[in-house]
Amino acid sequence: KEDKKRILERKGIYNLNRPVGNLVWFNASSVGETLSILYLIENLAENNKKLKFLITSTTLSSSKILDKIIPENCIHQFSPLDTISATKAFLDHWKPDLAIFVESEFWPRIIFEIKKQQIPLGLINARMERKTFENWLKIKNTAKQILDKFDFVYANDKLTFKRLLELGMNEKKMLGIFSSKEHGKPLSYNPHEYEILKKIVKNKKVWVAASTHEGEEELLVDTQKLLHAYDENFLLILVPRHPERVKSIMKILISSGQIIKIRSKKQQITNKTSIYLADTLGELGLWYNLSSIVFLGGSLVNVGGHNPYEPCRFGCALITGPHIFNFKEIFEKLDKKGALIMVNGAGDIFKTLKKLSEGNKSKTMGIKGLNHVNLNEKNLYKLIKTINSFS
């Protein structure tokens, strides 16, 4: 799963030089965590022109997406392995003025090395699930030693805030509850591609199944089979979370007997197309813009769901399964606003999609979600002020 051309970055060996100026380093993990900080970085850069930024992540997909959309004042590198030699080499080379870990990346070796070098250390979008919390309770003294190294922390939700305090986090360092995933611009997309596809699907009832995982595609394909039999204008745009799974997904699609077109093969949608397999990276913004209804994956299986604010920023009505523990509070807020519907199984999704496709029902629901995500900017500026005080 490594990029062979860049594998030395994991060992602390780099081709790029450290940029001149104050360098803020964000240590993320995968696509979601990485994308969640781009809007924050843009606002930090506008607020303080002297700042430069380094993002580290561990996955190939995050590096490929960042390659297309990374800000000019920002560098991406793969995260160093959590070994003495790699972490020391990383810090000696990049010499960050401030390190910020994103979500739940608690890497002991590098955390202790950061503090040895007297680099301020922050934690944002902090998230701790029940199982992790229970494991940390077993080593509470060690957990406290690690958590003590952070200079400031913003928890993603109230439960994580409480759990960190129970593990011994200094309450003075807990500066609030904040998720950068709640703040951001809509995902980018190619406007030329949008205009082409908009004309092609103008008479279609388009719905998007986004960031789907193994065990979900079968249900979604069954749903589309029911919908297409009911009304041939229904079109499913299927966007798997991991495009490398395309071979196994294709077996499901072919066995369903439906007419399939594939994005990566540049196949064109026709009047008879039932499913469009969007097996490309970095185009979610395009698919969200083409539809007013989105089923958000990772929720019919025990993955925990994905960031619901991304489709909300396009005014999409949300459908989700019951497994949403990764973003529980966010989903609850949207549910209270009437911006989503929770489903179980193909029959349930079928009924929901039929209902939402009538009149302006999907648009009405989508506006509720859009209004919610546009409400709260003040917490973002509180975080920017905190970061500026350390950098």
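This one's a predicted model, so the numbers in the text were calculated from it and none came from an experiment. The basis for the numbers below is simple: all heavy atoms, side chains too, and nothing from hydrogens, waters or symmetry mates.
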Trainee: Counting only N and O atoms by type, is there a donor-acceptor contact under 3.5 Å from the side chain of D151 to the main-chain atoms of L121?
Mentor: yes
Trainee: Looking at N17 and W94, what are the two nearest heavy atoms and their distance?
Mentor: O-CZ3, 3.6 Å
Trainee: Would you check if the side chain of S180 reaches a backbone N or O of S36 as a donor-acceptor pair within less than 3.5 Å?
Mentor: yes
Trainee: Evaluate the ring planes of H242 and H213, with Trp represented by its six-membered ring, and classify them as parallel (under 30°), tilted (30 to 60°) or perpendicular (over 60°).
Mentor: perpendicular
Trainee: For the pair E216 and R241, find out whether any cationic side-chain nitrogen is under 4.0 Å from an anionic carboxylate oxygen.
Mentor: no
Trainee: If the plane angle is over 60° it's perpendicular, under 30° parallel, otherwise tilted; pick one for Y154 and F152.
Mentor: perpendicular
Trainee: Of the non-hydrogen atoms in G305 and N326, which two are nearest, and what is the gap between them?
Mentor: O-ND2, 3.4 Å
Trainee: Considering non-hydrogen atoms only, spot the tightest contact between P120 and K115 and give its length.
Mentor: CA-NZ, 3.9 Å
Trainee: Considering only NZ, NE, NH1 and NH2 on the basic side and carboxylate oxygens on the acidic side, decide whether K333 and D157 come within less than 4.0 Å.
Mentor: no
Trainee: Less than 4.0 Å between a side-chain N and a carboxylate O, is that true for R130 and E134?
Mentor: yes
Trainee: Which other residues end up in the same hydrophobic cluster as I367, if Ile, Leu, Val, Met, Phe, Trp and Tyr are linked when side-chain heavy atoms come under 4.5 Å apart?
Mentor: none
Trainee: So which heavy atom on L235 is nearest to which on T273, and how close?
Mentor: CD1-O, 3.7 Å
Trainee: Check S256 against K225 and note the closest heavy-atom contact, atom names and distance.
Mentor: O-NZ, 3.0 Å
Trainee: Do side-chain atoms of T212 reach the backbone of A209 as a donor and acceptor pair under 3.5 angstrom?
Mentor: no
Trainee: When the ring planes of H372 and Y309 are compared, do they come out parallel, tilted or perpendicular, using 30° and 60° as the limits?
Mentor: tilted
Trainee: Would the distance check show the side chain of N289 and the main-chain N or O of F314 forming a donor-acceptor pair, the cut-off being under 3.5 Å?
Mentor: no
Trainee: Would you say E9's side chain and Q77's backbone share a donor-acceptor pair under 3.5 angstrom?
Mentor: no
Trainee: Does the side chain of E33 pick up a donor-acceptor pair with the side chain of S57 at under 3.5 Å?
Mentor: no
Trainee: Would a distance-only check, ignoring hydrogens and angles, find a side-chain to backbone donor-acceptor pair under 3.5 Å from E113 to K88?
Mentor: no
Trainee: May I ask you to decide if V221's main-chain N or O and Q258's side chain share a donor-acceptor pair within less than 3.5 Å?
Mentor: yes
Trainee: With a 4.0 Å cut-off, would you call R10 and D3 a salt bridge?
Mentor: no
Trainee: Following the transitive rule for hydrophobic clusters with a side-chain heavy-atom cut-off under 4.5 Å over Ile, Leu, Val, Met, Phe, Trp and Tyr, establish whether L40 and F101 coincide in one cluster.
Mentor: no
Trainee: Does a side-chain N-to-carboxylate-O contact under 4.0 Å join K354 and E358?
Mentor: no
Trainee: Taking E166's backbone N and O only, do any of them form a donor-acceptor pair with K140's side chain (distance below 3.5 Å, no angle check)?
Mentor: yes
Trainee: Once you round to the nearest 0.5 Å, how far does CE of M365 lie from CG of L334?
Mentor: 11.0 Å
Trainee: Would you name the heavy atoms of A86 and P80 that are closest together and state the gap between them?
Mentor: O-CB, 3.9 Å
Trainee: Distance from L281 atom CG to S61 atom OG, nearest 0.5 Å?
Mentor: 6.5 Å
Trainee: Among K205, K199, K204, which one satisfies side-chain contact (heavy atoms from CB on, under 4.5 Å) with V201?
Mentor: K204
Trainee: State, yes or no, whether a side-chain contact exists between W207 and L220 at a heavy-atom distance under 4.5 Å.
Mentor: yes
Trainee: Could you state the interatomic distance from CD1 (I55) to CD1 (I100), rounded to the nearest 0.5 Å?
Mentor: 11.0 Å
Trainee: Measuring from atom OH of Y276 to atom CG of L238, what distance do you get when rounded to the nearest 0.5 angstrom?
Mentor: 12.0 Å
Trainee: Classify the angle between the aromatic ring planes of F327 and F331 as parallel (below 30°), tilted (30 to 60°) or perpendicular (above 60°).
Mentor: perpendicular
Trainee: Which value, rounded to the nearest 0.5 Å, describes the distance between F26 atom CZ and I387 atom CD1?
Mentor: 4.5 Å
